[in-house]
Every structure is written in C-alpha cells, then in structure tokens.
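Comments concern the structure below.
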Amino acid sequence: MIATVQGSMRERLIEAANELFYAQGLRAVSVDKVIDRAGTTKVTFYRHFQSKDDLIVAYLEFRAEQERNGVDAAIAHGDGDVDVSLRLMADHTGKAACTPGFRGCPFINAAAEYPDPDSTVRKVVDAHRAWWASAFERLVAPLELADPGAVAEDLMLLRDGIMVAGYLGDPVRIAASFLRSCQAVIRSAARQ
C-alpha cells in the first residue's frame with residue numbers, strides 16, 4: 001500500500017512538472033511551484049527527487065515515453081508502408097500544434113535552457129534525439145535505401161522544423177508541408 005501511495009505522489013509531482021515546465025520553461029519554474037501544484041510538501045518532494053534536475057529528467061523521460069509510444073504506434077500501423085506512417089505522424093503533429101498552450105518540442109526547449117552537453121538534462125535530450133533518429137531509420141527500413149542514416153538525419157531536421165513552425169504558424173499547413181517534405185526526402189534518397 002505504501003508503494004502505491006508513494007508512486008502516485010511521484011506521478012502527481014511529474015504531472016505538475018509537466019504542466020508547469022512545458023508552459024513556463026524549466027528554469028522559470030521553482031520546485032516550490034511544482035510542490036504547490038502537486039499539493040504536497042518539500043519533504044515529500046525530496047523523498048522522490050534529490051534535486052530539481054532530477055525532476056526535470058523525470059519530466060523529460062515522461063514526455064519521451066509519450067512520444068515514443070505514438071511514433072512506435074504510427075510505424076506499427078503503417079506495417080511497412082512508410083507513407084501511411086508519415087501521414088499519421090504529420091497529422092498527429094499538426095493536431096498537437098493546434099492544442100492550446102503548444103510551445104514546440106519540450107526537448108528542443110530543454111536543450112536551449114541547458115546548453116551544457118554534460119548535464120543530466122542534455123543527456124536525456126540527446127538520448128531521445130538518438131531514439132528519434134533510430135525510429136526514422138526503422139520507418140524507412142522497408143525501402144532498403146542506400147543510406148538510411150542520412151535520410152533519418154534529414155527527417156529529424158524536418159521534425160525539428162515542424163515543432164518550431166507549428167508553434168509559430170498555421171498547424172494544418174505546416175503538417176501538410178512536413179508530410180510533403182518528408183516524402184520528397186525519401187523519394188530523393190530512393191532515386192540514389
């Protein structure tokens with residue numbers, strides 16, 4: 001019973017951090033704000049996290065899991081049809097950009113706030129970006145391209161672009177542009 005209560009409090013802290021960090025920024029949100037939002041105490045916070053950076057890492061890992069589940073589902077749904085998977089990814093990203101409070105990619109945002117590549121926060125960001133690259137390689141694997149790693153890098157650049165442009169522009173047009181751009185990159189690679 002104690003493990004369930006502690007687990008749920010940890011989840012409440014991560015949920016509060018998710019709301020606050022994404023909306024206001026990592027450095028702008030104090031531990032006290034997270035504690036207040038979660039409705040707990042400092043003592044309880046420090047039972048679950050040794051520092052604010054540990055909470056930031058947990059928040060980013062939570063966001064990473066959500067993204068990974070969505071991307072993996074899109075790739076699985078496509079069942080080798082790259083276009084089907086890309087359409088799902090573009091549609092999802094366009095819809096996400098339409099949600100109130102969309103502020104782009106939490107990992108790009110975190111990298112901007114934590115420029116030190118040796119920080120624990122940047123290591124989580126880097127690991128997630130490496131996962132994205134491998135996901136794009138898995139996506140294009142059925143096409144047997146000459147250099148799937150280069151295609152994955154190009155698709156990653158486009159993914160970064162939509163996450164920034166979705167925040168600044170019309171999400172529907174940007175989702176369509178993302179899809180067309182990904183398709184063009186893949187067609188170009190297939191001709192080589």
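- Scanning all heavy atoms of the two residues, the minimum distance from A133 to A152 falls at O-CB, 3.5 Å.
- Shown here are the ring-ring contact (aromatic ring centres under 6.0 Å, His included) partners of F45, two or more places apart in sequence or in another chain: F49.
- Hydrophobic clustering (side-chain heavy atoms under 4.5 Å, transitive across Ile, Leu, Val, Met, Phe, Trp, Tyr) groups M89 together with V82.
- L139 is listed as a side-chain neighbour of L86, based on a closest heavy-atom distance under 4.5 Å.
- S181 places a side-chain N or O within 3.5 Å of a backbone atom of S177 that can act as its donor or acceptor partner.
- F62 and V125 fall within a single hydrophobic cluster, where Ile, Leu, Val, Met, Phe, Trp and Tyr side chains are chained together by heavy-atom contacts under 4.5 Å.
- Using a 4.5 Å cut-off on side-chain heavy atoms (C-beta onward), Q192 and L145 make no contact.
- Residues S85 and G78 approach most closely at OG-CA, 3.3 Å, considering heavy atoms.
- Proximity of K52 to V34: side-chain heavy atoms (C-beta onward) are nowhere separated by under 4.5 Å.
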_Please evaluate residues E67 and H128 with respect to the criterion side-chain hydrogen bond (donor to acceptor under 3.5 Å, both in side chains), reporting the C-alpha separation (whole Å), side-chain torsions for both, the decisive distance (0.1 Å), and the verdict._
CA-CA 9 Å; E67 284 187 24; H128 187 57; 2.8 Å; yes
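- Between D160 and R129, some side-chain heavy-atom pair lies under the 4.5 Å cut-off.
- In this structure, R138 and D72 have side chains that are in contact, with non-hydrogen atoms separated by less than 4.5 Å.
- Distance alone, capped at 3.5 Å, is enough to place a donor-acceptor pair between the S134 side chain and the W131 backbone.
- Contact between D126 and P117 at its shortest, heavy atoms only, is OD2-O, 4.4 Å.
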- [ ] Would you check, one step at a time, whether the test side-chain contact (heavy atoms from CB on, under 4.5 Å) holds for Y114 with D53?
- [x] CA-CA 10 Å; Y114 283 79; D53 280 1; 3.0 Å; yes
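- To the nearest 0.5 angstrom, E137 atom CD is 8.5 Å from E153 atom CD.
- Here T120 contributes atom OG1 and D54 contributes atom CG; the two are 6.5 Å apart, rounded to the nearest 0.5 Å.
- In this structure, V84 is not a member of the same hydrophobic cluster as L155, with clusters built from ILVMFWY side-chain heavy atoms closer than 4.5 Å.
- A chain of hydrophobic side-chain contacts below 4.5 Å, direct or via other Ile, Leu, Val, Met, Phe, Trp or Tyr residues, connects I174 to M156.
- Between atom CZ of residue R12 and atom CZ of residue R10 there is a gap of 14.5 Å, rounded to the nearest 0.5 Å.
- Side-chain contact check for R47 versus V43: some heavy-atom pair is nearer than 4.5 Å.
- The closest side-chain heavy-atom distance from L55 to V31 is not below 4.5 Å.
- Taking all atoms of both residues into account, the shortest heavy-atom contact from A127 to R68 is O-NH2, 3.9 Å.
- The main-chain N or O of A90 is never found under 3.5 Å from a side-chain atom of T93 such that the two would form a donor-acceptor pair.
- Side-chain N or O atoms of T40 include none that pairs as donor or acceptor with a backbone N or O of I35 at under 3.5 Å.
- The distance from the CZ atom of R187 to the CZ atom of R180 is 10.5 Å, given to the nearest 0.5 Å.
- When the side chains of ILVMFWY residues are joined at heavy-atom separations under 4.5 Å, either directly or via intervening members, M163 and L157 end up in two distinct hydrophobic clusters.
- Partners of F178 according to the ring-ring contact (aromatic ring centres under 6.0 Å, His included) rule, which considers only residues two or more places apart in sequence or in another chain, do not exist here.
- Considering only heavy atoms from C-beta on, P106 comes within 4.5 Å of Y59 through its side chain.
- In terms of heavy-atom proximity, A96 sits nearest to F102 at O-CD1, 3.3 Å.
- Salt bridge annotation for D118-R122: absent, with no cationic side-chain nitrogen under 4.0 angstrom from a carboxylate oxygen.
- A distance of 5.5 Å separates CD1 of I108 from CZ of R159, quoted to the nearest 0.5 Å.
- Although no hydrogens or angles enter the test, the distance criterion places a donor-acceptor pair under 3.5 Å between the side chain of N109 and the main chain of C105.
- With values rounded to the nearest 0.5 angstrom, T41 atom OG1 is found 12.0 Å from D36 atom CG.
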Per-pair distances, 0.1 Å, donor-acceptor, side chain in residues 13-29, under 3.5 Å, sequence neighbours excluded:
unit_1: N18; atom_1: OD1; unit_2: R63; atom_2: NH1; d: 2.9
unit_1: E19; atom_1: OE1; unit_2: R37; atom_2: NH1; d: 2.6
unit_1: Y22; atom_1: OH; unit_2: R103; atom_2: N; d: 2.7
unit_1: Y22; atom_1: OH; unit_2: G104; atom_2: N; d: 3.1
unit_1: Y22; atom_1: OH; unit_2: G104; atom_2: O; d: 2.6
unit_1: Q24; atom_1: OE1; unit_2: K33; atom_2: NZ; d: 3.4
unit_1: R27; atom_1: NE; unit_2: E113; atom_2: O; d: 2.9
unit_1: R27; atom_1: NH2; unit_2: E113; atom_2: O; d: 3.0

